*Asks:* 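Structure in structure tokens, see below.
Letters A, B, ... mirror the listed sequences (proteins, then strands); counts begin at 1. Everything numeric here is computed off the predicted structure, so don't read it as measured data.
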Protein chains: 4
Amino acid sequence: MSDVTRNGGRRAARKRDDVLAAACSVVAERGADATRFTDVTAATGVGVSTLQYYFGSREDMLIAVFRFAAQSDFDAVEARLGGVTGPWERLVVIASHLTGAVGSDAGWRLWVESWRWALRDPDVRAEVLGDYTRWHVLIAEIIAAGVAQGVFQTDAAPMDVARQALALVDGLALPVALGDPQVTGAMAGDLLADALGRLVGLRPAAAP
Amino acid sequence: MSDVTRNGGRRAARKRDDVLAAACSVVAERGADATRFTDVTAATGVGVSTLQYYFGSREDMLIAVFRFAAQSDFDAVEARLGGVTGPWERLVVIASHLTGAVGSDAGWRLWVESWRWALRDPDVRAEVLGDYTRWHVLIAEIIAAGVAQGVFQTDAAPMDVARQALALVDGLALPVALGDPQVTGAMAGDLLADALGRLVGLRPAAAP
Amino acid sequence: MSDVTRNGGRRAARKRDDVLAAACSVVAERGADATRFTDVTAATGVGVSTLQYYFGSREDMLIAVFRFAAQSDFDAVEARLGGVTGPWERLVVIASHLTGAVGSDAGWRLWVESWRWALRDPDVRAEVLGDYTRWHVLIAEIIAAGVAQGVFQTDAAPMDVARQALALVDGLALPVALGDPQVTGAMAGDLLADALGRLVGLRPAAAP
Amino acid sequence: MSDVTRNGGRRAARKRDDVLAAACSVVAERGADATRFTDVTAATGVGVSTLQYYFGSREDMLIAVFRFAAQSDFDAVEARLGGVTGPWERLVVIASHLTGAVGSDAGWRLWVESWRWALRDPDVRAEVLGDYTRWHVLIAEIIAAGVAQGVFQTDAAPMDVARQALALVDGLALPVALGDPQVTGAMAGDLLADALGRLVGLRPAAAP
DNA sequence: TATGAATGAGAGTTCATTCAT
DNA sequence: GATGAATGAACTCTCATTCAT
């Protein structure tokens, strides 16, 4: 394979990823069921046939979008966790990312779209549950570390606390995404921090 | 007019409600976007044009389903709360209902479908937020009563605790609905009870 | 048959005629093909079933409209011809009526709708040709009288001249109805009078 | 691109035109309002979706038919005028074409369909008025030439005479198209020639 | 590698009509 | 005499997909 070909391949792969990123926005805005090839076409300037060439069927494209979005989310959080060492602060980073308090709520919307698709598609379900577990494990590790460091105080299993914590995050993202006037982003952040603090047994001294 | 006419009207209204109930099942199973007139037709034996005669457009039918399901949910919980007086027990009733620990998870699925639709339709959003507030208020009243009776101990505003509690319920329903093998219904119930207890400051003496 | 019944019948017949008149307006505005029961319903407040009770099928209703409109037109012209005695003046009355220079162009539009329907429906064609002949005869009589009185001068058969005259009227109504900015109603009237004058050999002395 | 591609494009364009020509017949026979996609499908063997791919919506197809027919008409007359030089003869060519004395009356029917559509659609109206003016101008030029050559004798403006002449043609086409037994094609031709002669002041010497 | 042409399947909607009252 | 409920037929349109280039 010549350099030219390889460069072409790389360029093509990059273009495919660009299209994928644009498709994410479209799916986040319109919803997966309502996303047609034409919508992605309009958002990217790439023809319908080309999309099919890249992804296969429409369903394959949507699944590619879910996977891409999930990975992007995880990557983004890992990047933001990079310099943060305190268990409580790490928890807050994750929470604020997922509730969309930082960044747009496209991530959360795609998360919901993935859930929904997973309800009916076994393959997607497996992937979503896997991602779900990745979050649980990540959070559980933070909690275990917090307990070990004496920042948190709880005798519950870290994995259980992680499940409770992630449930809280997901559940609080809803009214924010819906634009509930009674639950603004800032309020949601406070409610979330307060509840997380109670769940992990945040010791008063460490409270903000 | 005559009794016959009135009965005819009543019978018609009942038939419409029967269709609506069946449509709820269909939407819960297939998802709102994927629910076609023909799907409801297959589930009810009623012709497509009759569905349109009853509901108007397909969208109107879906919205009718959302409304019907939300009201049914609320009615069911109120019925189940009928003989329950203890604040903690009342809270558990609500939680167990919403996570589908009792009854099918059709209710929760429809709840998710409503959210999703609400993200894009302002009218539905207003209704969903209204329903959301109804739950908040119901839970807040229980919490306030629990605090007054000394069963709960928290200095947070009951409405805020209610928001945290409902978020937990919503968030924990997700893995259950997805059939996460690591979070069965029973486990979710325990996790939920434990977390709710921490949030409302359930006094040890009252713990089950 | 009691008086009450007869009055009821008369009242019913009048109502039917009112509906028919309203239906004429609807057909003139929307065109026969595009006129639905619903459109007439909206214009009259009468329910669809009642329209069917009055007229039978939709097609029957349209044919009733054509017949009603044709008769109304003829009646209106005869009324306007009542006090007019001069052949040239009588001709002008007819011309001005048909081109819609006087009154709305609903009459002309319905005339066109009748033509079109007649192209495909033999029964309507027979009626339209009959009406057409009525106009020819009426005009031919006027021309014969004009020639007899020495107001017109032509050696052509009056019936032939009548056919030419009516053709002119019909043909000039078109651009007026279309709102051709180059052929206003007044201009059309002048063109028509001029051309009719030439066709019937209007003697200069009688020219306006 | 390549010859093959270009041929493909040309072939496609030709096919579209074939379909258009067939659609003209269908519209002429059934009327525009009554022309369904399936009617054109039956007449061409081309699938419904292909028609939509070619023309867009059903309305767009009808408008394409109108435009195509109008242009065809004009082209045909220009072709027939090719070798004819005498003003009177040229006038007769136009008249005989428009009344369908030569060729089928599909052209005239489509002309009527265009009028009708133009009554309700502003875009079509503009096009129809434009075509109308083209005919007016063509006829006016002939009349002016005839006057200049001394074949015609009239002091009216050529454009006005053209309007009268075209009105006559349109108006006489009606009974012919309707199959009025009292006005056969030949008679209509005579009536038309006679009336046109009077309108343009055809000098006896030049009469046929 | 990338894309336009063509097409079939399926959906929502309109509308006249029938039936019962 | 008049009308609402219910329903089947027909139509337009959208959209994913296949084929050829």
Side-chain angles (χ1 to χ4, degrees), chain A residues 5 8-9 11-13 15-16 19 34-39 41 46-61, chain B residues 1-9 11-13 15-16 19 34-39 41 46-61, chain C residues 5 8-9 11-13 15-16 19 34-39 41 46-61, chain D residues 1-9 11-13 15-16 19 34-39 41 46-61:
Chain A
T5 306
R11 221 179 294 131
K15 192 175 175 193
R16 204 194 99 117
V19 169
T35 297
R36 316 280 168 226
F37 275 127
T38 314
D39 302 316
T41 284
V46 170
V48 170
S49 299
T50 307
L51 294 177
Q52 288 176 312
Y53 174 66
Y54 281 160
F55 304 110
S57 72
R58 169 177 169 269
E59 212 169 302
D60 291 338
M61 179 180 73
Chain B
M1 294 271 177
S2 71
D3 274 322
V4 180
T5 305
R6 213 162 61 216
N7 280 345
R11 217 179 297 134
K15 189 176 176 193
R16 207 195 97 117
V19 169
T35 298
R36 311 289 166 217
F37 274 128
T38 41
D39 300 319
T41 285
V46 172
V48 170
S49 22
T50 306
L51 293 177
Q52 287 177 321
Y53 176 65
Y54 281 160
F55 303 110
S57 71
R58 167 179 168 269
E59 236 177 70
D60 291 338
M61 179 180 73
Chain C
T5 306
R11 222 179 292 131
K15 192 176 175 193
R16 204 194 99 117
V19 169
T35 297
R36 316 281 167 226
F37 275 128
T38 315
D39 302 316
T41 284
V46 171
V48 170
S49 300
T50 308
L51 292 177
Q52 288 176 312
Y53 174 67
Y54 281 159
F55 303 110
S57 72
R58 169 178 169 269
E59 212 169 301
D60 292 338
M61 179 179 74
Chain D
M1 296 274 175
S2 71
D3 274 322
V4 179
T5 306
R6 213 162 61 215
N7 280 344
R11 217 179 297 132
K15 190 176 177 193
R16 206 195 98 118
V19 169
T35 297
R36 311 290 167 214
F37 275 127
T38 42
D39 300 319
T41 284
V46 172
V48 171
S49 23
T50 305
L51 293 177
Q52 287 176 322
Y53 176 65
Y54 281 161
F55 303 110
S57 70
R58 168 178 167 269
E59 236 177 66
D60 290 339
M61 179 179 73

*Asks:* Between F:dC15 atom P and A:Asp39 atom CG, what is the distance in whole Å?
*Replies:* 7 Å
*Asks:* Would you mind reading off the distance between A:Leu51 atom CG and F:dC15 atom P, rounded to a whole angstrom?
*Replies:*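 Answer to the nearest Å: 14 Å.
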*Asks:* Rounded at 0.5 Å granularity, tell me how far CG in C:Leu51 sits from CZ in C:Arg58.
*Replies:*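 Here the interatomic distance stands at 12.5 Å.
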*Asks:* For DNA chain E, whose closest nucleotide is more 5', that of A:Gln52 or that of C:Ser49?
*Replies:*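 Nearer the 5' end of the strand: A:Gln52.
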*Asks:* Nearest whole angstrom, please: distance from the C1' of E:dT7 to the NZ of D:Lys15.
*Replies:* 10 Å
*Asks:* Taking any strand in view, what nucleotide pairs with E:dC15 in a Watson-Crick or G-U wobble way, both distances under 3.5 Å?
*Replies:* F:dG8
*Asks:* Given F:dT7, F:dT17, F:dT3, which nucleotide is nearest the side-chain atoms of A:Arg58?
*Replies:* F:dT17
*Asks:* Please give, in whole Å, the distance from F:dA16 P to A:Asp60 CG?
*Replies:* 13 Å
*Asks:* Roughly how far, to the nearest 0.5 Å, is the CZ atom of A:Arg36 from the OG1 atom of A:Thr41?
*Replies:* 13.0 Å
*Asks:* Quick check for you: among F:dA6, E:dA6, F:dC15, whose closest atom lies nearest to any side-chain atom of A:Arg36?
*Replies:* F:dC15
*Asks:* Now, which nucleotide makes the Watson-Crick or G-U wobble pair with F:dT21, with each of the two distances under 3.5 Å?
*Replies:*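 E:dA2 is the nucleotide pairing with F:dT21.
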*Asks:* Rounded to the nearest 0.5 Å, what's the gap from CZ on B:Phe37 to OG1 on B:Thr50? Could you check?
*Replies:* 11.0 Å
*Asks:* Starting at atom CZ of A:Phe55, determine the distance to atom P of E:dT1, rounded to an integer number of angstrom.
*Replies:*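 So the CZ-P distance, A:Phe55 to E:dT1, works out to 15 Å.
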*Asks:* Would you mind reporting whether A:Arg16 and A:Phe55 have side-chain heavy atoms less than 4.5 Å apart?
*Replies:* yes
*Asks:* Toward the 5' end of DNA chain E, which comes first, B:Thr38 or C:Phe37, by nearest nucleotide?
*Replies:*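 So the residue in question is B:Thr38.
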*Asks:* Counting heavy atoms from C-beta on, name the nucleotide in F:dT12, E:dT1, F:dC13 closest to the side chain of D:Ser57.
*Replies:* F:dC13
*Asks:* Nearest to the D:Thr50 side chain among E:dA6, F:dT7, F:dT3, which nucleotide is it?
*Replies:* E:dA6
*Asks:* I want to verify a distance call: between E:dT13, F:dT3, E:dA2, whose nearest atom is closest to the C:Tyr53 side chain?
*Replies:*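 Looking only at side-chain atoms, C:Tyr53 lies closest to F:dT3.
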*Asks:* Assuming nearest nucleotide by heavy-atom distance, tell me which of D:Thr35 and C:Tyr54 is located more 5' along DNA chain F.
*Replies:*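 Whichever sits nearer the 5' end wins; that is C:Tyr54.
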*Asks:* Which nucleotide in the list F:dA2, E:dG12, F:dC13 gets nearest to the side chain of D:Val48?
*Replies:*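 Per side-chain heavy atoms of D:Val48, the pick is F:dC13.
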